[in-house]
Amino acid sequence: METTHYISSDLLSIDMINEIVFQGKQLALSEEAIVNIEKCRKYLDDKMKSNSDPIYGINTGFGSLCNVKISNENLSKLQENLVKSHACGTGEEVPHEIVKIMLLLKIQSLSYGHSGVQLVTVQRLIDFYNNDIFPVIYTQGSLGASGDLAPLAHLSLPLLGEGEVYVDGFRQPASKVLAKFGWEPIVLQSKEGLALLNGTQFMSAYGVFCLIKAEKISYLADFIGAVSLEGFDGRIEPFTDLIHLVRPHKGQVQTAERMRDLLEDSEIIAQPKVHVQDPYSFRCIPQVHGASKDTIDYVKKVFRTEINSVTDNPNIFVGEDLIISGGNFHGQPLALALDFLGIALSELGSISERRTYQLISGLRNLPAFLVNDPGLNSGFMIPQYTAASIASQNKQLATPSSIDSIVSSNGQEDHVSMGANAATKTLRIVENVERILAIELLNGSQALEFRRPLKSSEFIESFVKSYREEVSFVSEDRILHYDIEKSVSFLNSFQIEMED
């Protein structure tokens, strides 16, 4: 396997980012990227020497101060002041995995040669990435419109020897780390601060991270749904291909096919059934899970476009001799997509909780609350409460952020996307769904034991056997918190390869 990824104009995919970041690849600039960066920087330097006209963010103030002209001798100070003044983040710290994706995406965006940054600035970001130097960034502060200003300011502070970073798990002043590596602070040139702060890399990094997890969640929802279906003694007929070919939504067809594969050669699914139909939470797994799959596919398309784009402002077009102030930093495409993703994942948790409820209801020859001696034992009564509580919270979190906007910068920035809020709450939904599915697995595997001596498919039996090494059958009441936590860890330990 290649150990270095070269930054170039080649398209990045979500799968590629997953491989680059989580398989420990180093970054380096391709010759193409170096030429693009240097060519654009030289053009901007030459332009500033020969032109005295105001150019937004280069020799003017920012936001509603765009009409304030700045003298040439103060252009570097202007950019430094921008980074410092915009570092107003607060709240929880951004997870290091997402900070690392932010670094990669910012490097990628700056490499196209439309941003006017110095080569040394991009190289220092690569140094941070390759040495696992993670700037301390906060989750709150971005409106998702002028780019992710506050988070990206905190990402950029260490370039100047300001702010704090994590190295080897320890939080420390960036100045101390620069000295340790023998690096001088970057002296920002005209436009560089704006290029660093304008951009959607906070929203994009969260989106990429959530999408990587979403595909795994989608698969696990199908798999755990199949375990529960077996525990509930469900029917195979709703997954017959003919049903789905006459309503051929892609995700629905894929889900039905996966369920048939998971249940192949199961003794439980093949036994005669007394009941004619299953509840919707089982019977409609292809329709519900499939709709979420299609949403994930749509959101992936949006983010594939975004992570291969230039999102700072103004944009420099060397060949056309143009510097144009526009709005590529506005996060509306991402805000809508993140809200959609959050809704789709919330629904996977919602239907999972309903399957858990059916399993504990004392139906189909299952004991009430899936335990012997119900009454003396409460069994799995309260894990369903927990799943219901989390599912309800997800419904609250799934209220769209993108429908909101608050005017900022004295009316200059009069419509914002709130995409950063959409990003952070979508990650919370992701983590919540992981817990809901873990609780369903706890219940579904317990129910499966009451179907013995019949066996499920070889694949499901192998999976449950591995799970049983971590979480044993519950024969009498015990502290189920530990079983839920072990179930979450068990699911997180699985690596599932997905097609991009």
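In what follows, residues are counted from 1 in the order of the sequence shown. Remember, predicted model here, so these are calculated numbers, not experimental data.
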Quiz item: Among side-chain atoms of Y43 and D321, is any donor-acceptor pair under 3.5 angstrom?
Solution: yes

Practice problem: Indicate whether any N or O donor in one side chain lies under 3.5 Å from an N or O acceptor in the other, for R41 and S190. | Solution: yes

Quiz item: Do I460 and L263 have side-chain heavy atoms sitting under 4.5 Å apart?
Solution: yes

Quiz prompt | Neighbour count above 12 (heavy atom, 6.0 Å) for D168 CG | solution = no

Practice problem: For the residue pair H154 and Y138, categorise the inter-ring angle as parallel (less than 30°), tilted (30 to 60°) or perpendicular (more than 60°). | Solution: perpendicular

Quiz item: Which heavy atom of V83 sits nearest a heavy atom of G193, and at what distance?
Solution: CG2-CA, 4.1 Å

Self-check item: Nearest-0.5 Å distance, CD of residue Q252 to CD1 of residue I243
Solution: 9.0 Å

Practice problem: Check whether the side chains of Y112 and S309 place a donor and an acceptor atom closer than 3.5 Å, and report yes or no. | Solution: no

Practice problem: Kindly give the heavy-atom pair with the smallest separation between R428 and L397, and that separation in Å. | Solution: NH1-CD2, 3.7 Å

Quiz prompt | Check: Y219 ring centre within less than 6.0 Å of F494 ring centre | solution = no

Practice problem: Report yes or no: do Q332 and S417 form a side-chain donor-acceptor pair below 3.5 Å? | Solution: no

Quiz item: Got D312 and S115 here, is their nearest side-chain heavy-atom distance under 4.5 Å?
Solution: yes

Quiz item: Quick one: do E434 and K213 make a salt bridge, cutoff under 4.0 Å?
Solution: yes

Quiz item: Any sub-3.5 Å donor-acceptor pair from S109's side-chain atoms to L105's backbone N or O?
Solution: no

Practice problem: Could you tell me the separation between the CE atom of M102 and the CD1 atom of I107, rounded to the nearest 0.5 Å? | Solution: 11.5 Å

Quiz item: Can you tell if the side chain of F22 reaches within under 4.5 Å of the side chain of I212, non-hydrogen atoms only?
Solution: yes

Practice problem: Check whether any side-chain N or O of K47 sits under 3.5 Å from a backbone N or O of I323 as a donor-acceptor pair, and report yes or no. | Solution: no

Practice problem: Indicate, with yes or no, if the rings of H415 and H330 have centres closer together than 6.0 Å. | Solution: yes

Quiz item: Do E306 and S204 have a side chain donor and acceptor closer than 3.5 Å?
Solution: no

Quiz item: Do the side chain of S346 and the main chain of G342 share a donor and acceptor less than 3.5 angstrom apart?
Solution: no

Quiz prompt | Ionic contact status for E80 with K84, cut-off 4.0 Å | solution = yes

Quiz prompt | Exercise: identify the closest heavy-atom pair between F303 and G207 | solution = CE2-CA, 3.6 Å

Self-check item: Over all atoms of both residues, closest heavy-atom pair of V21 and L104
Solution: CG2-CD2, 4.0 Å

Self-check item: Heavy-atom pair of closest approach, residues S85 and L82
Solution: OG-O, 3.2 Å

Exercise. Say whether, by atom type as modelled, one donor and one acceptor occur between the side chain of K106 and the main chain of S156 under 3.5 angstrom.
Key: no

Quiz item: Would one find more than 12 heavy atoms of other residues, nucleotides or ligands at under 6.0 Å from atom NZ of K486?
Solution: no

Practice problem: Evaluate the side-chain hydrogen bond (donor to acceptor under 3.5 Å, both in side chains) criterion for residues E192 and Q118: first the C-alpha distance (whole Å), next the side-chain angles of each, then the deciding distance (0.1 Å), finally the verdict. | Solution: CA-CA 8 Å; E192 281 201 284; Q118 300 177 92; 2.5 Å; yes

Exercise. Give a yes or no on whether the backbone of Q412 and the side-chain of S409 come within a donor-acceptor separation of less than 3.5 Å.
Key: no

Quiz item: Under the 3.5 angstrom rule, does the side chain of D294 hit a backbone N or O of G251 as a donor-acceptor pair?
Solution: yes

Quiz prompt | Side chains of S401 and D339 in contact at under 4.5 Å (non-hydrogen atoms) | solution = yes

Quiz item: Is the shortest heavy-atom distance from the side chain of I406 to the side chain of M418 under 4.5 Å?
Solution: yes

Quiz item: Taking NZ, NE, NH1 and NH2 as the nitrogens, is one of them in E93 or R171 under 4.0 Å from a carboxylate oxygen of the other?
Solution: yes

Quiz item: Salt bridge check: are E215 and K300 linked by an N-O gap of less than 4.0 Å?
Solution: yes

Quiz prompt | F181 atom CZ, over 12 foreign heavy atoms within 6.0 Å | solution = yes

Practice problem: Could you tell me whether the side chain of N394 reaches within less than 4.5 Å of the side chain of V433, counting heavy atoms only? | Solution: yes

Quiz item: Quick one: are E97 and I101 in side-chain contact, heavy atoms under 4.5 Å?
Solution: no

Practice problem: Assess the side chains of D148 and S142: does a donor N or O sit below 3.5 Å from an acceptor N or O? | Solution: yes

Practice problem: To the nearest 0.5 Å, tell me how far L160 CG sits from S175 OG. | Solution: 11.5 Å

Practice problem: Flag the pair Y206 / F202 as yes when their ring centroid distance falls below 6.0 Å, and as no otherwise. | Solution: yes

Quiz item: When you check the gap from the basic side-chain N to the acidic O, do D222 and K293 get nearer than 4.0 Å?
Solution: yes

Quiz item: Does any donor atom in the side chain of E440 or S352 lie under 3.5 Å from an acceptor atom in the other side chain?
Solution: yes

Self-check item: From D132 atom CG to Y166 atom OH, the distance as rounded to the nearest 0.5 Å
Solution: 14.5 Å

Quiz item: Is a donor on one side and an acceptor on the other found under 3.5 Å between the side chain of S489 and the backbone of E485?
Solution: yes

Quiz item: Between T311 and N328, do the side chains contain an N or O donor and an N or O acceptor separated by less than 3.5 Å?
Solution: no

Quiz item: Aromatic rings W183 and F128: how do their planes relate, parallel, tilted or perpendicular, breaks at 30° and 60°?
Solution: tilted

Practice problem: Would you check, one step at a time, whether the test side-chain hydrogen bond (donor to acceptor under 3.5 Å, both in side chains) holds for N432 with Q393? | Solution: CA-CA 9 Å; N432 280 348; Q393 185 182 71; 2.9 Å; yes

Quiz item: Quick one: does L348's side chain get under 4.5 Å of H289's, heavy atoms only?
Solution: yes

Quiz item: What distance do I296 atom CD1 and K301 atom NZ have between them, rounded to the nearest 0.5 Å?
Solution: 13.0 Å

Quiz item: Is a donor on one side and an acceptor on the other found under 3.5 Å between the side chain of S457 and the backbone of L262?
Solution: yes

Quiz prompt | Intermediate values then yes/no, side chain to side chain contact (heavy atoms under 4.5 Å, CB included), V117 and L188 | solution = CA-CA 9 Å; V117 293; L188 297 178; over 6 Å; no

Self-check item: Side chains of Q79 and Q189, donor plus acceptor under 3.5 Å
Solution: no

Quiz item: So does E458 have more than 12 non-hydrogen atoms from other groups sitting under 6.0 Å from CD?
Solution: no

Self-check item: Euclidean distance, C210 SG relative to L338 CG, rounded to 0.5 Å
Solution: 7.0 Å

Self-check item: Side-chain (S462) to main-chain (F459) donor-acceptor, under 3.5 angstrom
Solution: no

Exercise. For H5 and L27, indicate whether the former's side chain and the latter's backbone hold a donor-acceptor pair under 3.5 Å.
Key: no

